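The next block holds one structure in the form of structure tokens; read it before the comments.
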Number of protein chains: 2
Amino acid sequence: MKRGYAEISASVNQLNRSDTLSVGEKATMGETTTADTGQNTVRRNVSMADVAQHAGVSSQTVSRVSNGMPNVDEATRERVVASMRALGYRPNRAARSLKTGQFKSIGVIMFTLSTFGNMRTLDAIAMASAAAGYTLTLMPVPHPTQGSISGAFSRLNEQAVDGIVIIFEAHVLDDADFALPRGVPVVIIDSDAGDAYTVVDADQALGARLATEHLLELGHTNVFHVAGPTASFSAMRRLEAWRSTLAGAGITAPTPLHGDWSAESGYAHGLELAKNPEVTAIFAANDQMALGIMRALHQSGREVPGDMSVVGFDDTDEAGSFWPPLTTVHQDFSEVGRLCIEKLLGEIEGTHERPGTTIVPTRLVVRDSTGPYAG
Amino acid sequence: MKRGYAEISASVNQLNRSDTLSVGEKATMGETTTADTGQNTVRRNVSMADVAQHAGVSSQTVSRVSNGMPNVDEATRERVVASMRALGYRPNRAARSLKTGQFKSIGVIMFTLSTFGNMRTLDAIAMASAAAGYTLTLMPVPHPTQGSISGAFSRLNEQAVDGIVIIFEAHVLDDADFALPRGVPVVIIDSDAGDAYTVVDADQALGARLATEHLLELGHTNVFHVAGPTASFSAMRRLEAWRSTLAGAGITAPTPLHGDWSAESGYAHGLELAKNPEVTAIFAANDQMALGIMRALHQSGREVPGDMSVVGFDDTDEAGSFWPPLTTVHQDFSEVGRLCIEKLLGEIEGTHERPGTTIVPTRLVVRDSTGPYAG
DNA sequence: AAGATGCATGTTTACGTAAACATGGGGGAT
DNA sequence: ATCCCCCATGTTTACGTAAACATGCATCTT
């Protein structure tokens, strides 16, 4: 099917292999259609018409070869491919999109790349999109809290993507002064945006419950929580599940402390918690804060896990190498990203699926930062 | 200048604010140009011609308003904007690109997002691109070592981006069976691709020298090195600078150990190094491996920094929260990303700058994982 | 006051592609 | 042998935009 393309890319590769990058040589390689003047400063792009003339076929046949259509004679295809090769033909994506109305591109809106989960999810999204033949267009939004978000969203109001993935705390969607263009499929990660949207997310509540239960099963009489920012939906759901799990065990949850996801904020709260002898088990809302907490505990002379148990959330690559190796909740970001694209492509290409929420299970990974209550 | 755009996006926002996402309503809002049939399943896109007719002007005037051209009467502009608003006009990026020959998009080629440096750099690139009005198109490459890279590069042979940033070990460029299309500006990060390319990178050699000198100044008689994979240029340059720094001090460098950047590989090498009483100072080629090394040292009963000093590379967000807080080399990834786009835009839009290498300084951040030689 | 100049706006055209429709010839079914 | 259909290929057209050129009116220069 895609035979035509493979041939082309291979050919262009060969041509370029020994060259350094240069601008403007292309026009001298093949004949331009109209301009026979010696001025090679004209440098028109090689179009299908050029290839067609070179190969002695119609431009429509070139189009068929370019798109791997089956109804082209093998000899003709080879001749066209050879001409593409000789002229250095490269399809013009803009023209194709204009004609077809499809952009073969998925937009990703995110506030920051600088969190483990976002990055890992984006990676999965990129791979899944590429596999489906879609390009990924990044649409970063500088300042989540600012009201001036709409500026960054102006590009959304251009027709440039077939669908959009939103990776951030969705309640920003409510009060911010922007909205999505209509008619564009959207999938949201990390939110409980509700039934109006298609949502994919890891099972935050399950993870928080597993973490809390794990600590209770170890005999701890209470579990303290260092939560994420209140502005984060996932943070709030972890907090809620922690609270209800404790309630289910007949325990009144202590006042949660709110960090900002950073290890530094975990460290600050850790120093406070270390002072309190009643605290023997801490559930941190992410691994970074757990790391900061453990540093504070080390510094305060409280043994982990002998004197204090700590559980994180995310299962970053490094969590198993912390000291001690961190018990944490594993989130399958790759699966979230994959499903995300699957749902989005379903809306773009296929059946108008009903919006809804897809939950990916989380699981507890027990390592060495948790131990039995030694009270 | 951009006044037209701001108006438009604001307007579309208002229209959409209270709506849930829906497909196909747009056509019912305004009048379609040709189709007066009751079938609103036609759903043509609103074009400039539609807006022009609605506003009673020519489509060229609509174009001028859309592009913020100054030579439009204020009253006319307002009328056109009102029509855009009423019809829900969204510019068609493909048509614009086809006409102008510019895509206002920068392609980023990378093997994986899953390293701290790549992610941070990408973040900076995204912000810088957005600030310049360019979209970022991700072009992930699944398997760095495979020879079948060309398949993933087929999109590169489409005209779809104005320039390309490559974030990976550049020697893959040499032996892999692909090459970049000609005429497209390219900037490479993390490589010594040579004078033929425009290269931006952090000063790997300086960082490695600073790290090694720091350990020597603390009195250590030798510095062991856990390097990155030999396939990585940056790893090799750190290794080389480490070796030459030792040589400058009259010390024969011990055989370097090669990890794969992961904490696990650092742990494995750390266990070996811990056994050797001659080892009192270790320079790890990144923070993750340093973390793994420190875990191995803790486990082996060797005190850090009392008994063993460890230096990392990168200065990840968590390095300061390791136990003990890690002395490491800070790389300014944000600056690298920013410069990268600056150089690229220079080649795309402006003067044909000569290719060359731009180096961003690194600096040593001394924390608690290094101490005086206690031999 | 007459021509020159500037400015807002309109008209024509082409960018490169692929869908829709058209054509013509070869092979299979009857 | 006749008809029909399939298949490879060609022709026409339109996608939405902005550059280039054209027009007509008002203001400025001398």
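Chain naming here is simple, since letters A, B, ... match the order of the sequence lines and numbering starts at 1 in each. Just so it is clear, the model here is predicted, and its values are computed rather than measured.
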How many Å lie between CZ on A:Arg79 and C1' on D:dG10, as a whole number? 13 Å
Need one value for A:Asp73: base, sugar-phosphate or nothing, where a base atom within 4.0 Å counts as base even if backbone is also close, heavy atoms only. sugar-phosphate
Look at all strands and tell whether A:Ser63 reaches a base, only sugar-phosphate, or nothing, counting heavy atoms closer than 4.0 Å. base
Counting heavy atoms from C-beta on, name the nucleotide in D:dT9, D:dA18, C:dA18 closest to the side chain of A:Val72. D:dT9
Output yes when a side-chain donor or acceptor of B:Ser97 lies under 3.5 Å from a complementary backbone atom of B:Gln102, and no otherwise. yes
Under 4.0 Å from OP1 or OP2 of D:dG10: is there any side-chain N or O of A:Thr61 that close? yes
Separation of atom CZ in A:Arg96 from atom C1' in C:dA19, rounded to whole Å: 14 Å
Select one nucleotide: of D:dA18, D:dT17, C:dC15, the one nearest the side-chain heavy atoms of B:Leu98. C:dC15
Quick one: is C:dA18 close enough that its OP1 or OP2 comes under 4.0 Å of any side-chain N or O from A:Asn67? yes
Do B:Gln159 and A:Arg93 pass the side-chain contact (heavy atoms from CB on, under 4.5 Å) test, and can you show the C-alpha distance, the side-chain angles, and the key distance before you say yes or no? CA-CA 6 Å; B:Gln159 302 175 53; A:Arg93 168 87 78 110; 5.8 Å; no
Side-chain N or O of A:Asn92 versus OP1/OP2 of C:dC15: is the shortest distance under 4.0 Å? no
Let me know the distance between CD of A:Gln159 and P of D:dC15, rounded to the nearest Å. 13 Å
May I ask you to verify if any side-chain N or O of A:Arg64 is less than 4.0 angstrom from the OP1 or OP2 atom of C:dA18? no
Does B:Asn67 reach the main-chain N or O of B:Met69 with its side chain, forming a donor-acceptor pair under 3.5 Å? no
Does a salt bridge link A:Glu342 with A:Arg338, judged by any charged N lying under 4.0 Å from a carboxylate O? yes
Rounding to an integer number of Å, can you tell me how far A:Gln53 CD sits from D:dG10 P? 13 Å
Taking for each residue the nucleotide of DNA chain D bearing the nearest heavy atom, is the 5' side occupied by B:Gln60 or by B:Ala94? B:Ala94
Could you check how far CG of A:Leu87 sits from C1' of C:dG16, rounded to whole Å? 15 Å
Can A:Ser58 and A:Thr61 be counted as having a side-chain donor-acceptor contact under 3.5 angstrom? yes
Using a heavy-atom cut-off of 4.0 Å across all strands, would you classify A:Thr76 as base, sugar-phosphate, or nothing? sugar-phosphate
Specify the separation, in whole Å, of atom CG of A:Asn71 and atom P of C:dA20. 14 Å
In whole angstrom, give the distance that lies between atom CD of A:Glu158 and atom P of D:dG16. 15 Å
Just how far, in rounded Å, is P of C:dT17 from CE of A:Met69? 14 Å
Go through the N and O atoms of the side chain of A:Lys99 and the base of C:dA19, and report whether any donor-acceptor pair is under 3.5 Å. no
